[in-house]
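Since the structure comes first, as structure tokens, the remarks are kept for the end.
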There are 2 protein chains.
Amino acid sequence: MSHQTEADRVLRSLGGACIEHDPDVLRSVLDRVGDKWSLILIGLLGKGPMRFTELLRTAPGISRRMLTLTLRSLERDGLVKRLIYPEIPPRVEYEVTPFGRSLSEPVLALTRWAADNQETIRTNRRAFDEAAGLDIDDLD
Amino acid sequence: MSHQTEADRVLRSLGGACIEHDPDVLRSVLDRVGDKWSLILIGLLGKGPMRFTELLRTAPGISRRMLTLTLRSLERDGLVKRLIYPEIPPRVEYEVTPFGRSLSEPVLALTRWAADNQETIRTNRRAFDEAAGLDIDDLD
DNA sequence: CTGGATCCTTTCAGATACTG
DNA sequence: CAGTATCTGAAAGGATCCAG
């Protein structure tokens, strides 16, 4: 059951660079940033610090509740920093930390993949769905 | 509301390579592979074709139901191919397509980030939680 | 403006049982 | 072996109201 994880561990201790797709490691990062909003916010904040309401307007479809919760968890993990200006009315800015920025890079790679392949996926789906439709109709 | 998306569009039309973190594009890829199992399976299958039951045993914690559903959606998007051998007992193998393999790369980058930074995140969380605990106790 | 607290709905995903 | 179908509990997430 853990043969491949074991193998990866050996490889890592030997070469250092080759971790391959360890399911457990992958799961840990997905549990962390695989939710609906974390990567979106990391991405948006990558362009510069933003205020709460600004994020609320910019992130398409997020609710105040989820924005609060997600920002807290990002702050907890040290990916985002919270800057409070004790003014009236209160002002709070959020910015990515250097640590968060290091995550921003692989995220950007994923975004690029998405941008490059949106159309391909749409095409594939149409083909698949059409084939499935024929399977039902066309049982001669 | 769409100022930055607009800006990205301009940049893209100019340079081509610079898409930045477009929230909508990022959302589209997250809706696709941001679920609990897609990336895990893509990762596992990256090592070579595997059978249904094999995946069931190898992916830590997946249920038969979710394995079926996830494989179907990956197949629909053209990321995974289903190979049926009409034997008794039936045998079915799954393999990543070249298209799926192209996704595997940015995913691997993310996994690497996770592997490299697991410990940092744990540390950050401990610090954050401890600070929060002090905030409550220590209100002198 | 920036949230916290509460309620409530929808979706996700596991357990179980059944089929070719 | 490789699934499908149904049922159900858990969890994510939106709406709303309240507070500093």
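Order of the sequence lines fixes the chain letters, A, B, ..., with proteins taken first and strands second; residue numbering starts at 1 for each chain. FYI, side chains are in, hydrogens and waters are out, and symmetry mates aren't considered; it's all heavy atoms of this structure. The shown structure was predicted, so the numbers you read here are calculated from the model rather than taken from an experiment.
- Just one residue in the list B/Val33, B/Asp35, B/Leu39 forms a side-chain contact (heavy atoms from CB on, under 4.5 Å) with B/Trp37, and that residue is B/Asp35.
- Between the C1' atom of C/dT2 and the CG atom of A/Leu83 lies a distance of 14 Å, rounded to the nearest Å.
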Contacts under 3.5 Å, N or O only, protein and nucleotides 15-18 of chain C:
unit_1 : atom_1 : unit_2  : atom_2 : d
C/dA17 : N6     : B/Arg64 : NH2    : 3.2

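- Nearest heavy-atom pair across A/Val96 and A/Ile42 is CG1-O, 4.0 Å.
- When distances run from any side-chain atom of A/Lys36 to the nucleotides C/dT2, D/dG13, D/dG3, the shortest one goes to D/dG13.
- Counting any heavy atom pair closer than 4.0 Å across all strands shown, A/Tyr94 reaches sugar-phosphate atoms only and no base atom.
- Here the P atom of nucleotide C/dT2 and the CG atom of A/Leu55 are 9 Å apart, to the nearest Å.
- When the P atom of D/dA11 is taken as reference, atom CH2 of A/Trp37 falls 22 Å away, rounded to whole Å.
- B/Arg27 meets the side chain to side chain donor-acceptor pair (under 3.5 Å) test with B/Asp31; sequence neighbours excluded.
- By the 30° and 60° cut-offs, the orientation of the rings of A/Tyr94 relative to A/Phe52 is tilted.
- Atom-to-atom, CG of B/Asp35 to P of D/dA11 comes out at 18 Å; the value is rounded to the nearest Å.
- Atom CG in A/Asp31 sits about 14 Å away from atom C1' in C/dA13, given to the nearest Å.
- Rounded to an integer number of Å, the gap from CD of B/Glu93 to P of D/dG3 is 12 Å.
- Distance, A/Ile88 CD1 to D/dA19 P: 17 Å, rounded to whole Å.
- Taking a 4.0 Å limit (strictly below) on heavy-atom distances, residues 67-74 of chain A reaches DNA chain C at A/Thr68, A/Arg72.
- Pairing each heavy atom of B/Phe99 with each of B/Gly78, the nearest pair is CD2-O, 3.6 Å.
- Counting heavy atoms from C-beta on, the side chains of B/Arg125 and A/Asp77 come closer than 4.5 Å.
- B/Glu130 CD: 12 or fewer foreign heavy atoms inside a 6.0 Å radius.
- Taking every heavy atom of both residues into account, B/Ser28 and A/Gln118 meet most closely at OG-OE1, 3.6 Å.
- Under the 4.5 Å side-chain criterion, counting only non-hydrogen atoms from C-beta, B/Leu45 is in contact with B/Leu55.
- Look at CE on B/Met66: it is 15 Å from P on C/dT11, rounded to the nearest Å.
- Under 4.0 angstrom from either OP1 or OP2 of C/dT2 there lies at least one side-chain N or O belonging to A/Arg51.
- Here the side chain of B/Arg82 is nearest to one of D/dG14, D/dG3, D/dA2, namely D/dG3.
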